[in-house]
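A short write-up of the structure that comes next.
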Amino acid sequence: MTSRRAFLKGLCGVAPLGSAAPTAVASAVKPAAASRDYFGELGVESFINALAPYSTLGGNQMWPEVIDAMDYGMGHRARMKDLHDAVGRRIASLIGCEAAMVSAGATSAITLGTAACLTGMDEERIQRLPDVTGMKSEVIIQRGHRYSYNHAVRNCGVRLVEVETVDDVERAINEKTAMLYFVWIRGSFGKIDAETFAGLGKRHGVASFIDTSTRVPPAENLKKLSNLGFDLKCFSGGKGLKGPYSAGLLLGKKELIAAARRNGAPHDDTIGRGMKVSKEELLGMMVAVEKTFRHDLEAEKREKGTWLDAIDVEVQSIAGVETERVLDRLPAMLIRWDSRVNLTPEQARTQLREGDPSIETRLVDGVLSVNTWCLDPEQVPTVRRRVGEVLRGRA
Ligand SMILES: *Cc1c(COP(=O)(O)O)cnc(C)c1O
C-alpha cells in the first residue's frame, strides 16, 4: 500500500536526504500499488536489496516497458511458434547475431544449447535425451570453470571432461566431443582465455558455448560477447537485463538455435518441455533487450552514485569508519572500520538483515559492501539510517 506513495515522494525528492536528494531519472518506475498486500497476508517478509539482482533475492525489478509488454502478452492471443520465431528474429537483429531465442532463464539456455549440439534436428535423438547412447557424449571444460550451473549441461546426460591447457584440449577432443564450454565469470580461474578456447572449437569443428549470464549491463556486452567466436552464448533475463525473472536468452548459430528450439516446448517429447516460456515472457524479454540498448547507463550510474553519497556522508561521520567506492557494474561502496566499532562485518550484515526493514548487503572479501543498483529512491534514507545505526552500535 505504501509503495506507490513513498515512491512518488522519492520522485519529488522530498525525502530528508541532505545534500543528495534522490531523483528517479534512471530508476525503474513501479507499477501501481496492488489492491492486496499479498506478502503481508502470507506473512512473507519483504526486504531492501542493497546488493545485486541475485536470483535468490528475486532478481531485478523489471523495466516499466517490460511490464507493459507483458500486460499486452497476457491480454492477446498468438500461436506460440509464430511469436517465438518473430521475437527471436527481432532480438537477433537488435543484438546483431545470427539467431536468438528466449529461454526459461540462462540455465535452460545452457541445457537447450547443449541438447542442440547433441541432437541437431534428429527426431530420434531429441526424444532419447538424456540417454546419449550412440551420440556424442562429452563436453570439455576448464577445471577452473566448474561451477554450480554445470548441472544444466549434465542434464543432457553428457560427461564433463576437465582440461587445463591448450594441449589438454587438443588431446581431449575426439569423435565423442559434443561441445566446448566456457564460463565468463570463471575466466580468471582458467588458463585458456575465451578467444583461444572458441578458436580451438573452430579449428576442430566442435561447437562452443559461453555462459555470459551476468554480463549486462553494459548493453554493449550483448554485442561484444556475441563476437568472441563462440557458437552459442546465454544471458540471464531477470538480472541486469531487467526482463522477466524466469526468462533468458540463447544466442548463436542459426542451425543450433533451431535445434535448441526443437528440443523444447511446445514439443512435448523433449528434454526442454519443462522449460516453457509464456507469451508475456517472450514479449517482456524482447522489450528488455530493446530498453537495455536505449537506456542511459551513465546517467543511472551518476544518479545512483549520488544515492551512495548520501549514505557515505552518514557513515563517514562515525569515528573509525572509512569507505571506498568501487564499480560493481553499478556504483558500490565498501565500508571498513577499526576497533572503535565493536562489530565484525558479518555481524553488521546480519544486523542489517535482521533489522526492520530487513536490508540485504554482502561481504566482498570480508568487507561490507553496499550497492545502490537495485534500490528504489525512497529506500535510500532507510539504508542510510540503518547502516548508521548498526555501525554506531544502536541497531
Ligand atoms: C545467474 C546465473 C546463471 C543462471 O541464470 P538464470 O537466468 O537464473 O537461469 C547462469 N550462469 C551464471 C554465471 C549466473 O550468474
Side-chain angles (χ1 to χ4, degrees), residues 49 51-63 66 70 87 91 95 100-116 139 141-156 160 179-190 193-194 197 208-218 221-222 224-226 228 230 232-252 260 263-265 271-278 280-282 284-289 292 328-330 332 360 362 364 371 373-374:
N49 183 343
L51 152 171
Y54 285 3
S55 291
T56 48
L57 299 178
N60 219 330
Q61 300 285 74
M62 293 187 282
W63 300 106
V66 168
M70 293 180 78
V87 164
I91 291 173
I95 294 176
M101 69 175 282
V102 176
S103 62
T107 313
S108 83
I110 297 169
T111 301
L112 293 179
T114 307
V139 170
I141 182 169
Q142 295 186 70
R143 186 158 298 142
H145 289 222
R146 293 301 305 266
Y147 73 145
S148 47
Y149 295 102
N150 291 160
H151 203 123
V153 176
R154 291 196 293 107
N155 281 349
C156 295
L160 290 172
M179 190 173 92
L180 299 185
Y181 183 63
F182 193 96
V183 182
W184 182 263
I185 52 158
R186 307 283 304 172
S188 61
F189 297 90
D193 65 38
F197 201 70
S208 56
F209 189 113
I210 184 168
D211 174 359
T212 47
S213 291
T214 53
R215 293 291 95 188
V216 180
N221 276 350
L222 284 168
K224 205 165 84 191
L225 299 176
S226 287
L228 284 173
F230 286 85
L232 288 169
K233 44 244 125 190
C234 67
F235 288 93
S236 191
K239 297 176 182 168
L241 272 162
K242 296 173 70 165
Y245 174 74
S246 44
L249 294 174
L250 180 65
L251 313 174
N263 271 285
I271 198 156
R273 177 59 180 82
M275 306 170 189
K276 67 181 178 182
V277 179
S278 66
E280 55 271 22
E281 288 170 319
L282 285 164
M285 200 62 242
M286 177 185 86
V287 171
V289 173
T292 296
D328 181 12
R329 223 65 66 67
L330 266 73
E360 288 286 350
R362 67 170 166 161
V364 177
N371 193 324
W373 185 359
C374 297

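Sequential numbering from 1 along the given sequence is applied to the chain's residues. Hydrogens, waters and symmetry mates are skipped; everything else that's a heavy atom, side chains included, is used. Counting convention: from 1, in listed order, for ligands and their atoms alike.
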Self-check item: K239 near ligand 1 by a heavy-atom separation under 4.0 Å
Solution: yes
Quiz item: Heavy-atom distance under 4.5 Å between the side chains of L222 and F235, does that happen here?
Solution: yes
Quiz item: So how far is it from L241 CG to L249 CG, rounded to the nearest 0.5 Å?
Solution: 6.0 Å
Exercise. For atom 10 (C) of ligand 1, find the nearest protein heavy atom and state the residue, atom name and distance (0.1 Å precision).
Key: S213 OG, 3.2 Å
Exercise. Starting from atom 9 (O) of ligand 1, locate the nearest protein heavy atom and write down its residue, its atom name and how far away it is, to 0.1 Å.
Key: T107 OG1, 2.5 Å
Quiz item: At a 4.0 Å threshold, what atoms of ligand 1 neighbour a non-hydrogen atom of G105?
Solution: 7 (O), 9 (O)
Quiz item: For the side chain of N150 and the backbone of Y147, is there at least one donor-acceptor N/O pair under 3.5 Å apart?
Solution: yes
Quiz item: Does ligand 1 have a heavy atom under 4.0 Å from the side chain of S236, from its backbone, from both, or from neither?
Solution: both
Quiz item: To the nearest 0.1 Å, how far is atom 11 (N) of ligand 1 from its closest protein heavy atom, and which atom is that?
Solution: D211 OD2, 2.6 Å
Quiz item: With a 4.0 Å cut-off on heavy atoms, does S55 reach ligand 1?
Solution: yes
Quiz item: Just which atoms of ligand 1 are under 4.0 Å from any heavy atom in T214?
Solution: 14 (C), 15 (O)
Practice problem: Within a distance under 4.0 Å of any heavy atom of I185, pick out the atoms of ligand 1 and give their elements. | Solution: 13 (C)
Quiz item: Would you say the side-chain atoms of Y245 pair up with the backbone N or O of S55, donor to acceptor, closer than 3.5 Å?
Solution: yes
Quiz prompt | Heavy-atom side-chain proximity of L160 to R154 below 4.5 angstrom | solution = yes
Quiz item: Do any N/O atoms on A104 end up under 3.5 angstrom from N/O atoms on ligand 1?
Solution: no
Quiz prompt | Approximate separation, where rounding is to 0.5 Å, of I110 CD1 and L232 CG | solution = 11.0 Å
Quiz item: Is the shortest heavy-atom distance from the side chain of N60 to the side chain of C374 under 4.5 Å?
Solution: yes
